[in-house]
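Data first, discussion second: the structure below is written as structure tokens.
Values reported hereafter were calculated over all heavy atoms of this structure, with side chains retained and with hydrogens, waters and symmetry mates removed.
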Amino acid sequence: MERLYVAFKGRGNSSNKIVNCITGEKIFLTNSFDGLKRKIAGISKPYNSVYMFGLDKSLKGHIRIESIAIKDKKVLCSDLNLNEILQTLNNHGIYATIGSNPKNSLCNEAFWYMLQKFDHQVAFFHVPSIRYINEEFLEKIKSILSQ
């Protein structure tokens with residue numbers, strides 16, 4: 001089994017730009033609640049982990065790794081070693097934090113369904129907008145997360 005990389009559709013979406021530069025299997029989610037639910041339900045291949053990326057326009061120059069997702073008052077948590085991922089990112093010059101305050105958003109919804117589908121073996125990375133992502137950042141992400 002291998003890792004699946006997930007981003008949202010849209011050329012101007014930084015999550016899309018990041019996942020497009022990573023080598024490996026990937027899918028791109030639509031920007032609608034029903035569409036992403038259908039797309040996630042339709043994944044039939046087993047993966048040992050899923051790395052998801054979503055845009056957070058409030059971020060500038062760093063990544064937030066989400067630890068939980070909430071839907072209908074049900075909380076799901078990632079079972080991946082997020083502290084290890086955090087340390088690896090920080091050690092390679094990409095400032096990262098761990099978040100635990102999900103918002104009612106497409107990102108939270110997608111993360112929740114993926115956590116449910118892949119037995120909590122999912123990491124969700126909120127990334128800044130394209131204007132805060134340069135080639136050096138992309139190369140670092142590619143090298144760190146493609147391992």
Side-chain angles (χ1 to χ4, degrees), residues 1-32 35-70 75-103 105-147:
M1 288 194 293
E2 57 193 276
R3 180 177 298 146
L4 174 64
Y5 297 96
V6 180
F8 288 88
K9 291 180 179 178
R11 286 184 173 213
N13 188 311
S14 55
S15 72
N16 186 296
K17 186 170 184 164
I18 289 169
V19 168
N20 267 317
C21 83
I22 296 173
T23 303
E25 291 204 34
K26 50 192 92 159
I27 65 165
F28 297 92
L29 301 174
T30 184
N31 291 310
S32 80
L36 67 83
K37 182 178 178 182
R38 279 192 306 276
K39 183 79 168 187
I40 293 168
I43 300 170
S44 58
K45 187 172 178 180
Y47 295 96
N48 59 351
S49 65
V50 178
Y51 280 9
M52 303 181 74
F53 295 83
L55 169 63
D56 182 338
K57 292 179 182 178
S58 72
L59 295 175
K60 294 181 174 119
H62 77 280
I63 291 175
R64 186 177 63 250
I65 306 166
E66 302 299 346
S67 60
I68 64 172
I70 300 173
V75 178
L76 298 179
C77 302
S78 174
D79 285 343
L80 294 179
N81 189 339
L82 301 181
N83 286 319
E84 184 178 303
I85 296 169
L86 174 81
Q87 186 173 17
T88 301
L89 288 167
N90 285 325
N91 288 345
H92 286 86
I94 295 179
Y95 176 64
T97 59
I98 294 181
S100 59
N101 188 21
K103 308 285 188 272
S105 65
L106 283 170
C107 292
N108 176 69
E109 187 99 350
F111 187 30
W112 194 89
Y113 282 116
M114 282 290 197
L115 285 165
Q116 188 177 52
K117 182 167 185 86
F118 290 100
D119 197 28
H120 305 258
Q121 299 303 303
V122 183
F124 193 102
F125 303 88
H126 264 122
V127 296
S129 62
I130 274 183
R131 68 179 166 181
Y132 296 107
I133 294 177
N134 59 26
E135 288 306 313
E136 179 186 1
F137 181 91
L138 288 173
E139 284 303 313
K140 285 180 183 179
I141 287 287
K142 180 179 175 181
S143 123
I144 295 165
L145 299 181
S146 295
Q147 301 174 3

Just by distance, with hydrogens left out, do Y47 and Q121 show a side-chain donor and acceptor under 3.5 Å apart? no
Is I65 close to I85 at the side-chain level, that is, under 4.5 Å between some pair of heavy atoms? yes
The reported gap from CD in E135 to NZ in K142 (rounded to nearest 0.5 angstrom) is 10.0 Å
Heavy-atom side-chain proximity of K60 to P128 below 4.5 angstrom: no
Determine whether N90 and L86 make a side-chain contact, defined as any pair of heavy atoms from C-beta on separated by less than 4.5 Å. yes
Do other residues, nucleotides or ligands put more than 12 heavy atoms under 6.0 Å from the NZ atom of K37? no
Walk me through it: do F8 and F28 pass the test ring-ring contact (aromatic ring centres under 6.0 Å, His included)? CA-CA 5 Å; F8 288 88; F28 297 92; 9.8 Å; no
Would you check, one step at a time, whether the test side-chain contact (heavy atoms from CB on, under 4.5 Å) holds for D56 with R64? CA-CA 9 Å; D56 182 338; R64 186 177 63 250; 2.6 Å; yes
I'd like a table of donor-acceptor pairs (distance under 3.5 Å, sequence neighbours excluded) in which one partner is a side-chain atom from residues 94-101, with atom names and distances.
none

Give the minimum heavy-atom separation between I130 and G12, together with the two atoms involved. CD1-O, 3.3 Å
Among F124, F53, F118, which one satisfies ring-ring contact (aromatic ring centres under 6.0 Å, His included) with F111? F124
Decide yes or no for S78 and L115: does some side-chain heavy atom of the first lie under 4.5 Å from some side-chain heavy atom of the second? yes
In Å and rounded to the nearest 0.5 Å, what is the CG to NE2 distance from L59 to H126? 7.5 Å
Between CD1 on residue I70 and CD on residue E109, distance to nearest 0.5 Å: 12.5 Å
Taking C-beta and beyond as the side chain, do R3 and E25 meet within less than 4.5 Å on heavy atoms? no
Just how far is it from atom CD of E84 to atom CG of L82, taken to the nearest 0.5 Å? 10.0 Å
When you compare the side chain of K45 with that of E2, does any pair of heavy atoms fall below 4.5 Å? yes
List the steps and the verdict of side-chain contact (heavy atoms from CB on, under 4.5 Å) for I18 and S15. CA-CA 5 Å; I18 289 169; S15 72; 5.9 Å; no
Is there side-chain contact between R11 and K17, with at least one heavy-atom pair below 4.5 Å? no
Once you round to the nearest 0.5 Å, how far does CG of N83 lie from OG of S67? 9.5 Å
If I take atom CG from residue N16 and atom NZ from residue K26, how far apart are they, to the nearest 0.5 angstrom? 9.5 Å
Determine the minimum heavy-atom distance between L55 and S14, stating which atoms define it. CD1-OG, 3.4 Å
Please report the shortest heavy-atom distance between L80 and V50, naming the atom on each side. CD1-O, 4.4 Å
Any side-chain heavy-atom pair of K117 and Y113 under 4.5 Å: no
Shortest non-hydrogen contact between T88 and I144, atoms and distance: CG2-CG2, 3.6 Å
With side-chain contact (heavy atoms from CB on, under 4.5 Å) as the test, would you mind laying out the steps for I141 and F125 before giving the verdict? CA-CA 11 Å; I141 287 287; F125 303 88; over 6 Å; no
Closest heavy-atom pair and its distance - N108, A69: OD1-CA, 3.1 Å
Please lay out, stage by stage, how I43 and M114 fare under the test side-chain contact (heavy atoms from CB on, under 4.5 Å). CA-CA 10 Å; I43 300 170; M114 282 290 197; 3.6 Å; yes
